[in-house]
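Just below is one structure, and these are the notes that go with it.
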Amino acid sequence: MRYWLMKSEPDEFSIDALAKKKVEPWNGVRNYQARNFMRDGMKVGDGVLFYHSNCDEPGVVGIARIASAAYPDPTQFDAASDYYDAASTREEPRWLMVDVAFERKLRRTVTLAELKTHGELEDLALVKRGNRLSVMPVAKSEWDFILALE
DNA sequence: GCCAACGTTGGC
DNA sequence: GCCAACGTTGGC
């Protein structure tokens with residue numbers, strides 16, 4: 001079993017929204033590295049740190065599970081969608097998504113500022129300079145360490 | 001294939 | 001709102 005961190009802007013889709021919906025198709029990923037992690041790395045049951053980005057208090061706010069293998073993201077074919085990609089075809093879809101299932105909220109937000117203070121997390125892509133990946137792998141040791149901070 | 005211009009991400 | 005960092009685009 002592997003572990004991941006997935007970013008979401010709470011104004012768009014928050015941990016509370018996931019708690020309400022239980023399962024959500026994680027559409028809109030338009031970055032090849034992130035897509036490849038979903039396609040080649042993710043398995044049903046993998047752990048997900050749910051991260052709030054671009055907000056007052058960026059940080060890890062909950063735990064989710066991967067609930068499906070990667071499959072084509074339908075928003076890439078929808079001309080009315082923000083995520084439309086005219087260059088993608090149904091025969092050879094460029095963008096994939098996975099379903100993500102709510103597990104629980106953390107007791108508190110483990111903030112980005114806090115994560116940056118711990119040397120144990122120096123290899124975590126999230127805390128590296130200029131990192132903008134929205135889907136990234138997390139080592140088991142990092143997963144355990146972050147959840148011990150909660 | 002290079003690289004400048006441009007758009008986006010996301011912390012602050 | 002600012003801006004650093006980075007990915008993508010497109011002219012050549």
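Throughout, a chain's letter reflects where its sequence line sits, starting with A, and its residues are numbered from 1. Basis for what follows: all heavy atoms, side chains included, without hydrogens, waters or symmetry-related copies.
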Q) Looking at the rings of A:Trp4 and A:Tyr51, which for Trp means the six-membered one, are their centres under 6.0 Å apart? A)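 Centroid separation for A:Trp4 and A:Tyr51: 6.0 Å or greater.
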
Q.
Under the rule for ring pair (Phe, Tyr, Trp, His ring centres under 6.0 Å), what residues qualify as partners of A:Tyr3, not counting sequence neighbours?
A.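 Residues passing ring pair (Phe, Tyr, Trp, His ring centres under 6.0 Å) with A:Tyr3: A:Trp143.
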
**Q.** For A:Tyr83, all residues meeting ring pair (Phe, Tyr, Trp, His ring centres under 6.0 Å), sequence neighbours excluded
**A.**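 Residues passing ring pair (Phe, Tyr, Trp, His ring centres under 6.0 Å) with A:Tyr83: none at all.
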
Q | Validation row: A:Pro93, A:Tyr71 side chains within 4.5 angstrom (heavy atoms) | A |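 The answer is no; the side chains never approach within 4.5 Å.
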
Under 3.5 Å, N/O pairs linking protein and nucleotides 4-9 of chain B:
| unit_1 | atom_1 | unit_2 | atom_2 | d |
| --- | --- | --- | --- | --- |
| B:dT8 | O2 | A:Arg132 | NH1 | 3.0 |

Q.
Tell me whether A:Glu57 is salt-bridged to A:Arg108, with the criterion being a basic N under 4.0 Å from an acidic carboxylate O.
A.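 Salt bridge between A:Glu57 and A:Arg108, a charged N being under 4.0 Å from a carboxylate O: no.
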
Q) Using a cut-off of 4.0 Å on non-hydrogen atoms, how would the nucleic acid contact of A:Lys116 be classed: base, sugar-phosphate, or nothing? A)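 Sugar-phosphate contact only.
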
**Q.** First encountered from the 5' end of DNA chain C, between A:Arg94 and A:Gly130
**A.**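 The residue mapped nearer the 5' terminus is A:Gly130.
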
Q) Which whole-number value in Å describes the distance from A:Asp11 CG to B:dG10 C1'? A)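 From A:Asp11 CG to B:dG10 C1': 13 Å.
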
